Amino acid sequence: MQGYNHKTIEKQWQQEWDKQKLYQTPDQVKGKKNYYVLVEFPYPSGNLHIGHWYAFAVPDIFARKKRMEGYNVLFPIGFDSFGLPAENAAIKHGINPKKWTYDNIAWMTDQIKSMGASFDWSRRIAASDPDYYKWTQWLFLKLYEKGLAYRGKAIVNWDPVDKTVLANEQVLPDGTAERSGAKVEKRELEQWFFKITDYAERLLADLDDLKWPEQIKDQQRNWIGRSEGALLKFPISNFQFPIEVFTTRPDTLFGATYMVLAPEHPLIANLESQISNWKEVEQYIEKTKSKTELQRTALEKDKTGVELKGVKAINPATKEKIPIWIADYVLMSYGTGAIMAVPAHDERDFAFAKKFKLPIRKVIKPPQLTGSGLVTDATSGIWGVVPGQNELEADVWVGEGTLVNSSDFDGLNTVEARNEITAKFGKPKIQYKLRDWLISRQRYWGAPIPIVYDPQGQPHPIPEKHLPWLLPEEVDFTPTGEPPLGKSKELKARTEKIFGKGWRSEYDTMDTFVDSSWYFLRYLDSQNDKEFSLLEKQKLWMPIDRYSGGAEHTTMHVLYSRFFYKALFDLDLATHKEPYVQRFNRGIILGEDGRKMSKRWGNVVDPDKQVAEVGADSVRMYLAFIGPYNEAGAYPWSTKGLIGMRRFLDKVFRFSSFSPSPLTGEGGRRPDEGGSSIHKLIKRITSDIEAFKFNTAIAAFMEFLNENKQMSKENWEDFLRLLAPFAPHLTEELWRQLGHKTSIHKEPWPKFDPKLVKEETVTIAVQVSGKLRGTIIVDAGTSEDKVKQKALAEANVKRHLEGKKITKVIFVKDKLINFVVK
RNA sequence: GCCCGGGUGGUGGAACGGUAUACACGACAGACUUAAAAUCUGUUGCCUGCAAGGGCUUGAGAGUUCGAAUCUCUCCCCGGGCACCA
């Protein structure tokens with residue numbers, strides 16, 4: 001028997017750790033600093049995926065190492081257990097979503113426990129527990145009081161066959177419903193929003209101080225999408241209200257030759273009596289409504305639009321009357337829903353102007369042409385295209401330059417002109433792409449929004465004493481057009497009993513991103529039924545030291561939870577400005593064929609099966625070895641590689657059996673004579689784990705074992721301590737075999753002696769004109785002169801220096817010597 | 001189109017501007033075995049040479065430097081995010 005029996009070992013030690021409550025984390029331990037390691041809590045989909053292992057078992061290495069270093073480490077776990085799949089299972093198979101969810105949680109809990117991760121299960125939470133969502137509702141009410149939760153109209157996807165609202169993912173690219181196949185319509189419904197846009201500036205500015213990977217910060221910046229520009233007003237002839245536009249290029253105002261309104265723009269209806277082609281306009285608006293967001297944007301450059309005939313706008317700078325169009329390339333949801341079109345300096349406006357033969361006027365001279373003498377004359381046909389003659393080849397210049405055809409502003413550069421034109425014709429405005437967070441879901445399996453409506457339809461918050469506002473249990477899921485909660489007799493009776501006849505509860509539930517926006521605070525005080533998370537406890541743990549999760553959550557979950565936390569901070573319900581000190585996005589594990597794991601490809605790796613074959617320690621370590629964990633790469637699974645890792649652990653196991661028994665003193669190992677090598681290993685492992693570079697740490701273990709055929713008991717014990725976070729079961733077993741009565745996981749992290757880390761001898765590269773011609777071995781710290789002497793004595797170096805003159809010698813201590821020759 | 005990452009052996013990947021290809025997988029050869037598996041040992045970037053050695057090599061091309069996978073510029077390709085955002 002060459003290998004070890006992982007089945008017995010792993011089960012035995014997991015039970016033992018559980019019995020000893022080894023990973024239960026007290027709020028405070030005297031003399032220990034608190035350290036919070038967080039992984040995103042999983043959705044209880046029903047079965048553990050290899051990705052879950054990657055997400056939990058690898059950061060566990062880090063958590064364990066921190067614990068051994070003497071920190072009081074919180075490494076909690078829970079379930080993000082509200083959401084659509086439970087409800088789909090209910091509709092499809094008639095299973096109760098609650099039963100489905102909690103069965104999954106029970107099953108997955110066992111699966112997660114098989115990892116041997118050091119989670120503190122005593123703090124476990126589940127978003128769908130009334131104990132939990134009570135506080136989700138309570139926090140909603142806090143935001144509502146603060147004016148950060150409001151009701152507004154929003155357009156939703158409506159399935160006319162199933163008579164239900166669909167999530168965007170349930171609408172196929174061709175605009176039909178995934179389930180019913182019906183053509184999805186748009187409906188405007190009253191929805192609840194969180195005012196995340198109020199925090200746009202802080203969400204953006206505070207990124208600067210975070211020590212996160214720039215990539216993640218950039219993605220958030222992009223998503224927030226800050227633009228500086230101006231609001232400008234264009235009067236409409238014979239009409240009292242002007243059209244207001246947002247533009248980032250007020251400097252091009254003199255080139256605005258027409259205007260475009262989004263088809264949904266409210267002004268259009270007010271202008272009906274003046275519009276001579278109203279029928280055509282109406283048709284266009286109808287057509288726009290029937291398009292899905294995807295269809296509307298998929299058409300890309302092929303622009304459509306209709307002129308509002310009979311009305312004109314006035315360019316405030318040139319006083320010219322310019323036509324007004326409506327077109328769906330202008331979005332109601334950004335800026336003011338209207339634009340001034342400057343076809344000479346905007347590619348979209350240019351394409352539109354060409355198609356509909358609208359005038360193009362150049363007002364910016366590109367810097368390249370300055371002084372070239374090529375183009376100076378506005379009548380030459382190259383500068384400033386006369387209305388009606390825009391078929392002439394004319395290019396778009398969207399860059400900076402010098403103003404022309406702009407009356408008093410001629411000659412100014414675009415940057416100056418932006419300020420001056422804004423000052424004269426409008427006012428500065430900062431615009432964000434970020435929209436308010438729509439949290440209403442016309443769904444069952446979520447936290448009910450704690451709002452009731454009086455008989456007049458006015459919303460009222462549900463008083464705190466009625467929380468949790470329970471999700472009704474017996475609900476009919478047959479899609480009928482009525483929201484599931486609207487069909488609950490119990491909910492109706494409950495509402496009327498508490499609030500009075502004619503009152504009704506809100507039927508929508510909250511987006512699950514609300515649940516996950518504060519879960520990390522509940523772990524700190526998971527049993528508290530008086531507070532969502534005691535501030536005193538938050539002070540002990542927040543902010544989170546390391547947060548590791550999927551790259552797909554960068555712009556949604558991470559941004560939402562930052563917003564939530566900031567809002568709580570403003571309400572004195574949180575202790576810091578930012579929740580996460582460090583955030584890492586992990587990569588993904590691909591199938592053995594290099595494709596994304598999918599039933600379709602038959603390349604799904606089942607972790608349970610792998611664990612049964614080679615054990616949890618091998619799976620953990622293989623995943624840690626597959627690539628750098630601090631980069632969000634995509635790594636293909638390799639069963640051969642996994643077996644290779646098992647081979648390494650078997651080697652560790654066999655190595656141990658040669659060690660001297662503390663009882664008998666027998667064993668084939670001599671005391672380590674060098675004594676320094678383990679110190680180098682300690683140094684490497686320590687810094688690699690800290691940097692989340694588990695792959696190179698494991699390589700270091702392998703090298704060490706390859707190089708050291710024998711080892712002192714002390715060094716061997718240090719080796720096991722270092723390996724303990726990676727292979728917690730095997731190291732525990734070997735540790736106990738050495739006679740120790742307490743767990744290796746309670747051992748202190750080995751320390752290295754800086755003096756012993758230094759190499760005694762070093763290999764120095766000898767180069768001639770930058771090319772390697774030999775190596776010499778010298779004592780560390782040998783002076784330039786001595787190295788030079790020895791290097792020049794090398795035969796091969798001599799040969800290359802033959803007949804050449806050394807013009808320069810570059811010496812890098814303990815590294816290299818380079819003779820530059822002529 | 002815009003914003004980020006990347007491009008290194010047959011494969012996953014290592015390399016503070018200083019000996020490129022650590023570690024692992026795979027492959028090949030040998031030992032053990034009746035045999036296979038397992039294990040152990042050795043070889044393994046490419047070209048050339050009996051050997052010592054020499055030449056080439058980090059997507060392509062240029063530049064900076066005594067010295068570049070690493071820094072700069074141009075281009076090509078791959079991945080991720082955003083996208084008619086005015």
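No hydrogens, no waters, no symmetry mates; every other heavy atom, side chains included, goes into these values. A note on names: the letters A, B, ... follow the listed sequences, proteins ahead of strands, and every chain is numbered from 1. Note that the structure is predicted; figures quoted are calculated from it, not measured.
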Discussion item. Is it true that, when you exclude A:K287 itself, more than 12 heavy atoms of the residues, nucleotides or ligands shown sit nearer than 6.0 Å to its NZ?
Written reply: no
Discussion item. Need one value for A:S227: base, sugar-phosphate or nothing, where a base atom within 4.0 Å counts as base even if backbone is also close, heavy atoms only.
Written reply: sugar-phosphate
Worksheet item: Expressed in angstrom and rounded to an integer, what is the separation of A:F819 atom CZ from B:rG67 atom P?
Response: 16 Å
Discussion item. Just confirming the chi classification of B:rG80, syn or anti, using 90° around 0 as the syn window.
Written reply: anti
Discussion item. Return whichever of A:A634 or A:I339 has its heavy-atom-nearest nucleotide of RNA chain B closer to the 5' end.
Written reply: A:A634
Worksheet item: Ignoring hydrogens and angles, does a donor from either the side chain of A:K433 or the base of B:rC82 sit under 3.5 Å from an acceptor on the other?
Response: no
Worksheet item: Quantified in whole Å, what is the C1' atom distance between nucleotide B:rC77 and nucleotide B:rU8?
Response: 15 Å
Worksheet item: Which whole-number value in Å describes the distance from A:I626 CD1 to B:rA14 P?
Response: 12 Å
Discussion item. I'd like to know if A:N818 reaches the base of B:rC66 with its side chain, counting only an N/O donor and acceptor under 3.5 Å.
Written reply: yes
Worksheet item: According to the interplanar angle, ranging from 0 to 90°, do the rings of A:W437 and A:F563 count as parallel (below 30°), tilted (30 to 60°) or perpendicular (above 60°)?
Response: perpendicular
Worksheet item: Please walk me through it: do A:V619 and A:L642 pass side-chain contact (heavy atoms from CB on, under 4.5 Å)?
Response: CA-CA 7 Å; A:V619 175; A:L642 173 69; 4.0 Å; yes
Practice prompt. With A:Y629 as reference, evaluate A:F584, A:Y635, A:Y54 under the ring-ring contact (aromatic ring centres under 6.0 Å, His included) test and give the passing residue.
Written response: A:Y54
Practice prompt. Consider the side chain of A:R647, meaning its heavy atoms from C-beta on, and name the nucleotide among B:rG18, B:rC25, B:rG12 that approaches it most closely.
Written response: B:rC25
Item to complete: Classify the nucleic acid contact of A:D349 as base, sugar-phosphate or nothing, counting any heavy atom under 4.0 Å across all strands shown.
Response: nothing
